[in-house]
Structures are given as C-alpha cells and as structure tokens.
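To start, the structure under review is shown below, and the notes come after it.
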Amino acid sequence: MSEMLLSAGSTADGPDLAVEFAGLRLKNPVMPASGTFGYGEEYSPYMDLNRLGAIVTKGLSLRPKAGNPTPRIAETNGGMLNAIGLQNVGVDAFVEQKLPFLKEVQTPVIVNFFGNSLEEYGQAAQRLSQIDEIAAVELNISCPNVKRGGIVFGTDPGAAAEVVSLVRRHFNKPLIVKLTPNVTDITVIARAVEEAGADAISCINTLTGLAVDIRRRRPRLANGTGGLSGPALRPLAVRMVYQVVQAVSLPVIGVGGIMSAEDALEFLIAGAHAVQVGTANFVDPAAMINIVDGLKQFCQEEGVAGISELIGTLRC
Amino acid sequence: MSEMLLSAGSTADGPDLAVEFAGLRLKNPVMPASGTFGYGEEYSPYMDLNRLGAIVTKGLSLRPKAGNPTPRIAETNGGMLNAIGLQNVGVDAFVEQKLPFLKEVQTPVIVNFFGNSLEEYGQAAQRLSQIDEIAAVELNISCPNVKRGGIVFGTDPGAAAEVVSLVRRHFNKPLIVKLTPNVTDITVIARAVEEAGADAISCINTLTGLAVDIRRRRPRLANGTGGLSGPALRPLAVRMVYQVVQAVSLPVIGVGGIMSAEDALEFLIAGAHAVQVGTANFVDPAAMINIVDGLKQFCQEEGVAGISELIGTLRC
Amino acid sequence: MKNIKTTILSNQEVSPDYYRMKILAPGISDLAQPGQFVMFRAQATDEPLLRRPFGIFQTGTLPSDCDGLPDKEFVEILYKVVGRGTAIMRELHEGDRVEVLGPLGRGFELADDGREQILVGGGIGLVPLYMLASELVKKNKVRLLIGGRSRKDVLMVTEFERLGVETYVSTDDGTLGEQGPVTQVLERKLSKFPDAVVYACGPMPMLEAVFRICQPRQVALQVSLEAFMACGVGACLGCVVKGAGHSEQQPHYLCTCKEGPVFRAEELDWELLEKRVNEGEHSHE
Amino acid sequence: MKNIKTTILSNQEVSPDYYRMKILAPGISDLAQPGQFVMFRAQATDEPLLRRPFGIFQTGTLPSDCDGLPDKEFVEILYKVVGRGTAIMRELHEGDRVEVLGPLGRGFELADDGREQILVGGGIGLVPLYMLASELVKKNKVRLLIGGRSRKDVLMVTEFERLGVETYVSTDDGTLGEQGPVTQVLERKLSKFPDAVVYACGPMPMLEAVFRICQPRQVALQVSLEAFMACGVGACLGCVVKGAGHSEQQPHYLCTCKEGPVFRAEELDWELLEKRVNEGEHSHE
Ligand SMILES: Cc1cc2nc3c(=O)[nH]c(=O)nc-3n(C[C@H](O)[C@H](O)[C@H](O)COP(=O)(O)OP(=O)(O)OC[C@H]3O[C@@H](n4cnc5c(N)ncnc54)[C@H](O)[C@@H]3O)c2cc1C
Ligand SMILES: Cc1cc2nc3c(=O)[nH]c(=O)nc-3n(C[C@H](O)[C@H](O)[C@H](O)COP(=O)(O)OP(=O)(O)OC[C@H]3O[C@@H](n4cnc5c(N)ncnc54)[C@H](O)[C@@H]3O)c2cc1C
Ligand SMILES: Cc1cc2nc3c(=O)[nH]c(=O)nc-3n(C[C@H](O)[C@H](O)[C@H](O)COP(=O)(O)O)c2cc1C
Ligand SMILES: Cc1cc2nc3c(=O)[nH]c(=O)nc-3n(C[C@H](O)[C@H](O)[C@H](O)COP(=O)(O)O)c2cc1C
Ligand code: FES
Ligand code: FES
C-alpha cells in the first residue's frame with residue numbers, strides 16, 4: 001500500500017490511536033484504573049505492557065498502609081464492592097521494589113496517590129516529584145473507604161481546591177485529579193479542581209455501596225460499606241464525564257465500568273481524552289488489549305484516521 | 001396444628017408478614033415502585049393484586065403530562081435507563097378512569113405525585129387530600145428527568161423542606177417522601193424532610209446516567225440522560241437506606257434493584273419497614289408474588305415469627 | 001393473557017441468522033391473534049436483563065409423544081439474531097426452560113369483507129403476516145408483496161405459498177424476484193385493485209413509503225410497529241409512538257405494546273414517526 | 001502462566017452436586033503444581049461477573065481422536081455446586097467455550113524426604129490433595145485422613161486408594177468410617193509417627209483444629225486456604241489473610257492468591273485467622 005493512500009493521522013498500521021493531553025503523549029488512550037492492576041508486574045505474565053497507553057499504579061501513600069480487614073470484596077449484579085482500604089507498600093518501597101520493573105516497560109507510568117491529611121498529601125507529592133521515571137501523578141481525593149482520607153477532600157469544593165493547590169506547589173509534572181461520584185454536582189468539584197491548578201481530571205472513582213449477608217445480618221464486607229465498580233456503574237460514569245467535559249476546559253480521563261471497546265468509545269465520544277479500565281482486568285486479563293484492538297477496528301469501520309477525531313463528538 | 005404451638009405474631013399460615021408504619025398497616029411489606037406498575041390494572045391479568053402489601057401508582061401531576069420523546073428506555077448492564085418524562089393522565093383522569101378499578105382491590109393505594117413548581121405540588125396535594133380511597137401519598141421530589149421539576153427540590157435540603165411543609169399543610173393522611181440518590185449526603189435531605197413533617201421516606205429513586213450510541217454519536221435516549229434502575233443500583237440503595245435509617249426516626253421504604261426475596265431482605269435487615277419493586281416487574285411480572293412467598297419462607301427457615309422481627313437487625 | 005415458565009419444543013435455523021422456535025405455551029397459544037406478540041426470556045439469563053418482544057409467527061398443537069401427556073399447544077416465533085438476547089436464544093435447545101408472557105397487544109383487524117387483501121412485508125416483518133395470512137386465506141384471495149435488500153432477506157416464500165397466498169418478491173439488488181422497492185409492486189397492485197386493504201410490517205422507511213402510497217388513494221392501511229419495550233403491558237410507558245394530532249404543545253402518545261403494535265395508519269402521526277430514531281434534539285431536562 | 005480461551009472436554013457429575021470437569025489447557029496443564037489453582041469463567045456469562053477460583057484436581061493428556069490434532073493436554077477441576085457460578089458450570093457441555101487463567105498461586109512444598117506423609121482433607125478440600133498425593137506416592141508412603149459431616153461429604157476414596165494412598169475415613173455422624181472428627185484420627189497417627197509432615201485442606205474450623213494438634217507437637221504443617229478472589233494474581237488485594245505477627249498497629253496481610261493458597265502454618269496468624277468470617281466489627285470508614 002502506498003503512503004499516498006493513507007489519510008492524515010493514520011499510519012501504515014491503520015488508524016492512529018495516539019492521544020495527547022495535559023502534556024502527556026500516549027500511544028493509545030487505554031490504561032488500567034488504579035488499584036486494579038497492582039504495580040504492573042502482576043499482570044505482566046499475561047500481556048505485553050508495552051501495548052498500553054499508560055500504566056497507573058495502585059494508590060500509594062507516603063508510608064505503607066495495611067488496609068482493611070477481610071472480607072474485602074463482594075460481587076454484586078453487574079459489579080463488585082471493594083473495601084481494600086488502600087493497602088499499599090508506600091512510596092519508598094515502590095521506588096525500590098516496583099519501579100525497577102516498570103522502568104523496563106516502554107509505557108508512561110502514572111502514580112496514583114493519596115494522604116490521610118493535607119500534610120500527608122503534600123509530603124507524598126514532594127517525594128514523588130523527585131522520581132524521574134514518573135510521567136504524571138493521579139491524585140486520589142475520592143477514595144470512599146478511608147475514614148480521614150479521600151472522602152472529605154473529594155466531596156467538598158473548598159477542601160478539594162486546597163489539597164490540589166498544595167500538591168500543585170510540590171509537583172510540576174502533569175497532575176491528574178480523580179473525582180468521586182458520590183456528590184450532588186460533580187461539576188462544582190471539577191471547577192474547583194481546575195482553578196486550583198489540576199492538569200487533567202479522572203472521572204470517576206467508585207460509588208459507595210452496601211451489601212448485606214441476610215443470614216448473618218452482617219455487611220458482606222468487613223468494613224461495612226465498599227466502593228461499587230464494574231459495568232453496573234457505567235451509565236453514571238459516562239454521564240459525569242460528559243458533565244465535566246462541558247463544565248471545565250481540562251482534559252478528562254473516563255473510568256467506570258469499561259469492559260469492551262464499545263464501552264470505551266462511549267466515554268471518548270462523550271469527551272474523554274483517555275480511558276481507564278478497572279474491574280474488567282479481573283474478569284479478563286486480556287480486556288485492555290482487546291479494547292486497544294477494538295478501538296483500532298472501530299476507527300477503520302467508521303473511516304476515521306485517528307481516535308482523536310472521535311473525542312467529544314457526542315451530539316446531545 | 002394447635003393454636004398453642006404458634007409463636008407470637010405468626011398465624012396458622014406461618015410467619016406473619018404484616019408491617020405497620022406511618023399509620024399504615026400492610027399485609028406484607030411488598031409493593032410496586034412508582035412508574036413500573038402503571039395504575040395497577042396493567043398487571044392485573046398476571047397476578048392477584050390482593051396479595052400485595054400496597055399498590056403505588058405511576059407519578060401523577062395535577063394536569064396530564066405527555067412525557068418525553070422516544071426512545072425513552074435503554075438497557076444497560078444489570079439495569080436500564082428511563083426518561084419517560086413523567087407521562088401521566090393527571091389527577092382527574094386518574095380518579096375517573098383508574099381509581100374505580102383500584103377500589104375493588106383489597107390493597108391500600110398509595111399515590112405517587114409531583115409538580116413542576118411549588119404551587120403545582122400544593123394544588124396536587126390539595127386535590128389528592130379530597131380522595132377517600134387513597135391510603136397515603138408518596139411525594140416525588142426526586143425525579144431526575146423534568147427540567148423544572150423534581151431535581152431542584154430533591155437535592156437541596158431547603159427546597160425539599162419547603163415543598164414537604166407545603167404538601168403537609170394540604171394533606172393529613174400519611175405522607176411519604178421519595179428521595180433521590182443523586183446527592184452527596186442523603187442524610188441531610190432526610191433530616192430536612194423529617195423536620196418538615198414527612199411521615200415516611202422512600203429511598204431511592206433512579207440515579208442519573210447516560211448511554212451513548214457509538215455509531216450515531218448520540219445519546220441512546222432522546223432526552224439525553226435518564227434514570228438508572230435495576231439490580232445494578234442495589235448496593236447504592238441499600239447503603240442509602242441504612243444511612244437514612246440511622247439518621248432519622250422516620251420509617252423508610254427501601255427501593256432500588258430488588259429482584260428477589262433475598263434482595264428485599266437486604267433492605268429490611270438494613271432497617272426498611274417495607275420495600276418497593278420496580279424494574280423487576282418488567283423482567284418477571286411474578287416478581288412481587290415470588291418475593292412475598294420468599295419472605296415467608298425465609299422467616300420459616302430462620303425461625304422468626306414475623307417479618308418485623310428482622311427489620312433493622314443489621315450489625316455493622 | 002398469561003405469564004408462564006415453560007420449555008422449548010424446538011429451535012431451528014431456517015436460514016443464516018434466522019431461527020424458528022416452538023415454545024410449549026398452553027393458555028397463550030389458544031388466545032393468540034394475528035399481529036400479537038410475546039415477551040420472551042431464557043430463564044437462566046440475567047444479562048440481558050429485560051425480556052424481548054417477538055411477534056407470534058404461528059400457533060398450533062403437537063400430538064403428545066404417546067407419553068400419556070396432553071397434546072402440546074405451542075406458540076412459534078421466528079427471530080433474527082441481532083444482538084445479545086437473540087445470540088443467547090440461538091444457543092437454546094429442546095427442553096430448555098424459558099419464560100413467556102402473552103399474547104400481548106392489539107393485533108390486526110381482519111377486514112375480510114370481500115375486498116382484495118394485500119400484505120406487504122420485509123425481512124423479519126413477515127412474521128406477523130404469516131399468522132394473518134393463515135386467517136385471511138380462509139375467506140379471501142391474499143397477495144403478499146415481499147421486499148428486501150437482497151435474496152437473503154427474503155424468507156418464508158414457500159410457506160406463504162403453501163397457505164395459498166400469491167407472493168410477489170422484489171429485491172433492491174435484483175438477486176431475487178423483480179428489482180426495485182416493494183412499493184413499486186404495491187403501486188401496480190393498487191392501480192389494479194383500488195379497493196384493496198393493505199397490512200404492512202417491516203422497517204420504518206418501508207412502512208413510511210407504503211403509507212405515502214396508500215394515503216392519497218384512501219386505501220385502508222394497518223401497520224405493525226416495533227419499539228424498545230421494557231414491560232410489554234402498558235405499565236412503563238417506554239414504548240410510545242406519536243399519535244395523530246401530536247404536537248409539542250398537545251403531545252399525544254400511544255403505547256406500542258398495548259394500543260399497538262398494529263395501528264390503523266390514521267391513528268399515527270406520520271410526519272413525526274419518521275423522525276423517531278432521530279430524536280434526541282431535545283435539551284437535557 | 002497463561003490466560004486462554006478454550007473448550008471443555010468433559011463435565012460429569014461424580015456424586016450429587018459434585019462435578020469433574022476436564023478443560024483443554026495446553027500451556028497450563030504442563031506447568032501446574034500440586035496446590036495451585038485456576039481462575040475460571042464460562043465465556044457466555046456476564047453474570048456472575050468475576051471469575052471463580054478452583055484448585056487443580058489433576059492434569060493429564062488425552063490421546064488425539066485420530067483426527068490429526070495433537071494430544072489434548074488438560075486440566076481437571078472438581079467442583080461443588082454452591083451458588084450462581086457453579087450452577088452455571090454444571091450445565092456446561094463438551095465443546096462449550098470457557099476462559100481459564102493459570103496455573104496460579106504457590107502450591108505445596110513437597111517435603112518428601114523420607115518422613116511420613118499425612119494428608120488431611122474434608123469435602124471439596126480433597127481436590128488439591130489428590131494431585132499432591134499423586135506426586136508424593138512416587139517416593140513415599142502416603143496416608144490420607146478424610147473427614148466429613150456425613151457419608152455424602154466423603155468423596156474420591158477409591159481414587160486415592162488407586163494411587164496407593166492409605167485412607168482413613170471418619171464422619172461426624174458415623175455414616176461412613178469411624179465416628180468423630182478427623183482430628184481424632186490425626187492425633188492417633190501423630191502419636192505413632194511424631195516426625196510426620198502434614199498437608200491439610202478443608203473448612204477453616206478443620207484447619208484450625210489440625211493446627212492446634214500439630215503446633216504443640218512441632219509437626220510441619222502446610223494448609224491450603226480459600227478466600228474471595230477478584231483477580232487471582234495479586235493485583236486487587238481482595239483475598240488477603242492475616243500473616244504471623246499481624247496486629248492492629250502493625251498489620252501484616254498475605255495474598256491468598258499469590259503468596260498462597262498454600263501456606264506453612266507458621267506464616268499465618270492463627271488467632272486472627274479464625275475470626276476471619278466474623279470480621280465486620282470495624283466501624284464504617
Ligand atoms: C412488537 C414487536 C415484535 C417483534 N417481533 C419480532 C420478530 O418476530 N422477530 C424478530 O426477530 N424480532 C422481532 N422484534 C424485534 C426484537 O424484539 C429485537 O430484535 C430483539 O429484542 C433484539 O434483542 P437483542 O438482545 O438480540 O438485541 P440488542 O442487543 O438489545 O440490540 C441489537 C439491535 O437491535 C435493536 N433492538 C433491540 N431491541 C429492540 C426492540 N424491542 N425493537 C426494535 N429494535 C430493537 C437495537 O437497537 C440494536 O440495534 C419485535 C419487536 C417488537 C417490539
Ligand atoms: C484457591 C481456591 C481454590 C478453590 N478450589 C475449589 C475446588 O477445587 N472446588 C470447589 O468446588 N471450590 C473451590 N473453591 C471455592 C470456589 O471458588 C467457590 O465455591 C466458588 O467460587 C463459588 O462460586 P458460586 O458462584 O457458585 O458461588 P456464589 O454464588 O458466589 O457463592 C455461594 C457461596 O460460596 C461462597 N463463596 C463464593 N466465592 C468463594 C470463594 N472464592 N471462596 C470461598 N467461598 C466462596 C459464598 O460466600 C457463598 O456462601 C476454591 C476457592 C479458592 C479461593
Ligand atoms: C479492588 C479495587 C481497588 C481500587 N483501588 C483504587 C486506588 O487505590 N486508588 C484509586 O484512585 N482508585 C481505586 N479504585 C477505583 C478504580 O480505579 C476505578 O476508579 C473504579 O474501579 C471504577 O472503574 P471500573 O468500573 O472499571 O472498575 C479501586 C477499584 C477496585 C475495584
Ligand atoms: C420506567 C420507570 C418509570 C418510573 N417512574 C417513576 C415515577 O413516576 N415516580 C417515581 O417516584 N419514580 C419513578 N420511577 C423510579 C422507581 O419508582 C424506582 O424508584 C426506581 O426504578 C428504582 O427501583 P428499581 O431498581 O426496583 O426499578 C420509575 C422507574 C422506571 C424504571
Ligand atoms: S413496553 Fe412498557 S408500556 Fe409498552
Ligand atoms: S484475588 Fe486479587 S489479590 Fe488475590
């Protein structure tokens with residue numbers, strides 16, 4: 001096939017899946033959602049990590065965190081609840097034990113992180129800013145599981161702005177802020193976070209839910225409530241992504257219930273610049289690779305030269 | 001079997017499913033969710049309406065309402081989106097055309113209603129207060145589909161209190177207020193509604209979602225967004241019911257994703273006095289009858305004399 | 001009208017992607033009228049969540065297997081595999097458990113008063129016309145005009161002919177029968193039989209075209225419509241279609257599941273019907 | 001370790017509610033170690049959403065059907081129908097498509113250095129012990145103590161005996177073998193063979209009791225645990241169990257899927273393990 005026949009933006013391999021936003025250039029818009037892909041290594045026997053747009057780590061805190069008692073997960077219709085409690089090895093152990101492996105992969109690494117107080121957020125940001133191999137951070141202000149953690153920051157525009165400003169001061173690479181869906185109006189938080197200096201928004205984290213063991217009359221999770229993820233959540237996530245895209249001028253990463261390329265396309269068409277895949281990794285470790293392939297195929301079928309042509313094309 | 005052998009509250013038919021709250025005495029805690037059971041008649045060829053705890057009508061407004069353009073429904077994973085737009089015949093036509101049928105049924109009738117303004121809420125309440133055959137009303141302050149309707153009232157504690165006080169003034173039979181899940185903290189609204197004079201709370205209405213037709217790059221619903229219902233929603237609904245039960249002293253009716261007796265029991269154990277079944281009626285018109293039978297069986301298996309012994313037994 | 005848990009008697013491919021399924025359905029089978037439908041669900045599946053509507057292709061009775069059981073009254077549906085629900089259906093076998101609600105909706109009014117009877121169908125739209133034809137042929141001469149894009153969209157010709165129906169096939173690409181739209185044949189027939197009554201079922205653009213031909217000629221037309229359905233019984237109001245006289249100010253919606261799926265042409269708002277699939281212009285509420 | 005879409009070779013009931021399923025699994029079969037498991041999902045189902053973990057019962061090769069295809073390397077699982085996922089599995093047939101990820105986790109360390117080998121299992125807990133036994137019998141005399149509530153909970157006795165394993169059955173109600181808990185037999189055996197090594201798999205209370213017997217005698221014990229799992233590969237941290245030295249202040253969790261499912265007894269916090277199912281004391285976060 002001659003070069004001349006290719007439409008702009010496409011390559012000899014077919015449609016161009018590359019996306020650019022917030023100073024990041026990704027070979028495709030598909031990445032794992034934090035907490036569903038460990039530190040990358042765990043799934044490496046089953047897939048070529050080089051084929052992902054980015055790798056997003058499990059949420060890190062400055063110091064290691066043990067997480068919640070068990071049971072930590074429960075299946076629900078079209079979804080699952082989790083209350084892992086942000087168990088993680090801490091930033092230092094991440095740098096020593098996990099990062100060397102990730103350095104070998106030709107895919108940008110995005111570190112998701114959180115703190116249990118403003119101070120901790122700031123310290124973690126400072127520490128992370130010293131690590132060259134990190135392409136960007138994703139600030140979790142939305143975890144619904146930790147008593148004095150995420151939820152306070154993520155549901156109040158003032159607190160959200162405060163933590164984002166603080167982290168912004170300590171960190172000058174791309175700063176992605178991940179929002180919680182457990183709010184009346186997500187655009188209020190999105191705007192607060194934009195003004196406070198975020199470079200991009202991830203939307204959404206899990207929705208707080210409760211499942212009951214009816215024989216024991218106890219919650220099915222030791223923690224009581226947990227975060228709902230999975231395809232059950234998708235219509236909510238797509239709605240919120242669309243709202244945020246309309247409300248702010250920041251790029252948005254869509255996340256929530258993506259199982260297939262079709263699902264990913266709902267988010268991209270609604271205006272997301274990239275997507276994260278969470279629960280689907282558990283259902284099928286090949287999910288992200290299938291999505292990348294499916295996006296390419298869709299572009300081909302629809303005759304568009306690059307995935308970026310589809311972003312934000314929803315007509316409401 | 002001798003009467004002596006029966007434990008308190010049970011009858012010769014086995015465990016007692018009767019529940020009492022907000023001045024209502026229901027033979028069992030199972031009723032349809034508004035908008036999923038028409039005006040009762042529609043499902044009468046398939047079931048004995050006398051076996052239900054109550055019948056809840058499609059949401060009524062003072063004047064008839066035509067509803068939204070089509071498509072109005074779309075299926076999602078473990079759920080469905082609807083944007084019916086509160087199409088209804090209006091209170092007068094209800095009284096003339098629908099009520100005569102309902103009068104023949106030995107089951108209390110609860111009328112769900114809404115207005116597009118404070119004034120309309122008040123007028124509808126006044127008109128409904130004149131209708132003897134109504135056992136109670138359920139005030140919908142939570143419909144996410146109508147521009148100048150529900151959403152404004154249901155997401156703001158002040159507005160919610162205002163509409164409830166107004167309706168309370170016009171209506172002295174049991175007043176149930178139905179809350180929306182599209183809020184940061186449902187207990188704030190619940191408390192506002194309690195103080196304003198509600199007798200009970202229904203929890204929850206649908207969650208706003210968006211589904212995209214990726215080929216046409218259009219929402220799958222003509223209205224754009226719609227309300228998510230069905231089992232996908234259940235963990236959210238159970239969580240909110242539990243929260244509301246803890247926060248107020250009003251009785252709560254649990255609704256959201258109930259498909260089976262086990263699902264209904266999650267709500268009862270979490271503290272609901274009764275449950276409403278919505279989307280499940282579409283999936284199986286026998287759903288509510290199966291739930292009633294299943295509740296009885298569960299009581300038998302667990303050796304409890306009456307369903308009310310199970311209410312609020314969740315240990316968190 | 002009944003809601004039953006029952007079993008499949010047979011499920012056979014009739015042409016690529018098209019299947020016929022016989023379902024044991026006493027209490028539904030005997031009540032079914034041409035043009036009515038059932039809501040169907042394979043009992044094992046929670047995904048997809050909702051039941052699926054299918055027109056009743058025919059009803060009948062299979063003799064008992066000499067097993068002392070009564071004869072088997074069945075409902076037969078004919079379906080095309082288009083998505084998740086129908087993909088699951090294709091995998092079902094004799095004896096599998098299913099749930100069926102029906103017969104539902106308003107079927108065709110038989111205008112078999114001696115006028116010419118013309119049926120117009122395309123693709124899967126032939127389904128309700130088969131049962132209609134079996135009724136009409138008892139008293140009338142029945143003509144069926146079958147349209148389709150291509151040879152493979154034309155089904156059941158022999159079955160209709162076996163009923164004694166005179167069939168006229170046309171395809172867009174000329175791979176079967178005459179080349180051109182089915183409406184071209186309809187126009188010819190109506191010129192010949194201006195008093196004919198027309199019954200049509202098929203894709204919306206075909207129904208539209210049929211309407212545009214029948215209306216100026218004042219030909220009585222009944223059409224069978226499709227819509228997304230959740231309940232099938234008039235309870236959810238999800239399946240409505242715009243009725244005659246509909247306007248933004250004075251909206252008038254009809255339930256496809258209960259007031260249809262068969263409508264007399266004059267009950268509908270044809271201007272707006274066509275726009276059905278293109279709606280979504282409306283701003284968010 | 002592989003993630004494959006493959007087919008079922010056979011799926012047979014072995015006793016009420018217990019089934020054996022052979023799955024074509026080249027690339028998994030040859031790597032599997034005793035005590036490892038697979039994550040399994042029938043490809044057609046979206047409900048239940050998550051894959052289900054099953055211990056590897058045995059691996060092997062079926063000769064090709066003279067169809068010119070290579071021999072069929074398989075993994076066999078043995079499962080009990082307890083809920084939605086396993087209810088769907090029971091309906092599967094030869095040729096049905098499934099997805100399998102494995103072999104996963106850390107299996108048993110073979111302590112086959114001449115010491116007495118004692119296996120303790122109950123119910124479905126016998127599954128991983130079968131593959132373990134097939135390895136151990138190569139070099140050692142192997143004794144299996146099978147416990148169960150009743151006759152129907154005792155499986156596979158002949159299969160183990162065919163391997164050359166000496167089996168001792170005990171049931172709570174005495175309907176098979178000796179009456180009483182399996183630990184009663186274990187105590188007797190350990191008095192006789194104080195240097196034995198013990199491998200156990202079964203319900204938590206049984207493992208607890210086995211631990212309480214082995215610990216004071218300083219008998220080397222390995223146990224295979226179960227936990228709710230989402231990923232099976234150490235990515236979700238959903239399946240953790242409390243490790244030795246765990247405290248509220250210094251929590252120490254181990255992944256059952258990756259650091260287990262087989263643990264040396266001393267790696268675990270037995271005080272807290274027992275409380276696993278009763279957790280939920282914690283306030284909402
Ligand atoms: C009254 C009535 C009678 C029908 N009779 C027949 C029949 O006899 N034979 C037959 O094959 N089909 C018939 N249909 C259409 C049939 O219901 C749909 O094809 C089926 O529901 C698709 O299910 P699915 O899960 O395979 O597709 P999905 O995965 O749900 O969707 C696949 C495609 O089908 C479209 N679709 C889905 N549901 C409907 C629906 N209710 N109406 C129209 N389009 C839909 C979707 O927009 C999508 O493009 C009838 C529909 C109605 C309303
Ligand atoms: C490493 C490992 C190996 C296993 N090996 C086997 C085996 O060889 N044979 C076998 O039959 N089973 C085995 N199990 C248990 C098996 O995974 C569960 O029985 C199965 O997942 C239940 O699925 P379900 O959908 O039928 O049940 P569900 O409907 O999900 O639940 C039914 C009941 O099973 C319990 N359950 C569900 N999932 C699990 C789980 N992951 N662990 C423990 N209990 C659970 C639930 O609490 C509930 O009481 C193993 C589990 C693990 C973790
Ligand atoms: C087991 C599990 C652990 C998670 N841990 C984190 C985390 O550490 N940090 C975070 O920001 N989000 C976390 N999430 C949320 C996901 O990143 C994602 O936002 C959510 O699961 C919705 O996407 P999904 O439906 O594709 O799973 C976690 C989700 C799951 C299921
Ligand atoms: C088609 C449809 C129409 C509805 N109409 C109303 C309504 O008129 N008034 C109201 O308060 N809730 C309405 N609802 C919400 C339901 O009453 C219920 O709160 C919601 O569907 C969640 O319950 P479910 O998951 O059991 O369906 C409607 C829901 C559906 C699916
Ligand atoms: S499908 Fe529910 S009203 Fe027609
Ligand atoms: S199951 Fe996910 S970490 Fe073990």
Side-chain angles (χ1 to χ4, degrees), chain B residues 32 35-43 45-47 58 64-80 82-88 143-149 151 210 213 216 218-225 230-232 259 278-286, chain C residues 1-5 31 39 41 43 45-52 83-85 99-104 225 227-243 246-258 272-273 275-285:
Chain B
T36 66
F37 205 64
Y39 303 100
E41 236 173 336
E42 289 82 352
Y43 276 109
Y46 310 105
M47 69 163 71
K58 173 69 190 163
K65 200 165 170 339
N68 285 333
T70 59
R72 291 177 170 186
I73 52 178
E75 201 177 35
T76 65
N77 294 68
M80 61 179 278
N82 90 77
I84 307 300
L86 292 172
Q87 175 177 344
N88 78 92
C143 176
N145 294 330
V146 178
K147 196 177 288 166
R148 307 181 319 143
I151 200 69
L210 172 62
D213 180 332
R216 293 174 48 240
R218 303 292 289 262
R220 278 165 60 199
L221 298 180
N223 182 61
T225 58
M259 307 298 284
T279 304
N281 296 314
F282 308 153
V283 177
D284 185 0
Chain C
M1 285 179 287
K2 264 195 153 176
N3 177 32
I4 58 173
K5 288 191 206 299
L31 293 175
M39 294 291 283
R41 175 172 176 250
Q43 225 180 306
T45 56
D46 273 14
E47 287 281 342
L49 187 65
L50 298 171
R51 294 190 183 201
R52 299 292 192 248
R84 299 204 41 206
E99 298 178 345
V100 183
L101 177 70
L104 299 169
L225 299 186
F228 290 100
M229 291 184 176
C231 73
V233 301
C236 75
L237 305 178
C239 66
V240 296
V241 63
K242 284 172 183 145
H246 176 96
S247 70
E248 284 288 313
Q249 294 73 39
Q250 283 264 296
H252 175 49
Y253 284 113
L254 301 168
C255 270
T256 305
C257 69
K258 210 173 172 186
L272 292 159
L273 248 187
K275 278 179 57 196
R276 254 194 341 156
V277 279
N278 296 317
E279 284 172 346
E281 240 73 76
H282 291 256
S283 64
H284 275 209
E285 284 182 319

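On a predicted model such as this, the values are computed, not experimentally measured, just so you know.
Among B:A66, B:G230, B:A232, B:G35, the residue making the largest number of heavy-atom pairs under 4.5 Å with chain C is B:A66. The choice from B:A286, B:G38, B:P231, B:P285 that makes the most heavy-atom pairs within less than 4.5 Å of chain C is B:P285. Residue with the most contacts toward chain B among C:K258, C:E99, C:R51: C:R51 (heavy-atom pairs, distance under 4.5 Å). Heavy-atom pairs under 4.5 Å with chain C peak, among B:P32, B:P64, B:G78, B:G40, at B:G78.
In this structure, B:P45 and C:M1 approach most closely via the heavy-atom pair CG-CE, 3.7 Å. Between C:C231 and B:Y43, the shortest heavy-atom contact is CB-OH, 3.4 Å. Contact between B:Q87 and C:V240 at its shortest, heavy atoms only, is OE1-CG1, 3.9 Å. Heavy atoms only, all atoms of each residue included: C:G238 and B:R72 are closest at O-CB, 3.8 Å. The nearest pair of heavy atoms linking C:L237 to B:K58 is CD1-CE, 4.3 Å. Among all heavy-atom pairs drawn from B:Y46 and C:L104, the shortest one is OH-CD2, 3.0 Å.
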B:T70 and C:V241: CA distance, side-chain angles, deciding distance, side-chain contact (heavy atoms from CB on, under 4.5 Å) verdict: CA-CA 7 Å; B:T70 59; C:V241 63; over 6 Å; no
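With a threshold of 4.5 angstrom between heavy atoms, C:L101 approaches chain B through side-chain atoms but not through N, CA, C or O. Contacts of C:D46 with chain B are absent, with no heavy-atom separation under 4.5 Å from either backbone or side chain. Using a 4.5 Å cut-off between heavy atoms, B:N77 touches chain C through backbone and side chain atoms alike. Looking at C:M39, there are no atoms closer than 4.5 Å to chain B (heavy atoms on both sides), in backbone or side chain.
Judged purely by atom type and a 3.5 angstrom limit, B:E75 uses its side chain to pair as donor or acceptor with the backbone of C:L49.
The side-chain tip of B:R220 does not point at the ring of C:F228 from less than 6.0 angstrom away and within 45° of straight on.
Comment: B:D284 does not engage C:R41 in a salt bridge, judged by the lack of any side-chain N to carboxylate O separation of less than 4.0 angstrom.
Rounded to the nearest 0.5 angstrom, C:C236 SG and B:M80 CE are separated by 6.0 Å. To the nearest 0.5 Å, atoms CG (C:L50) and CD1 (B:I73) are separated by 7.0 Å.
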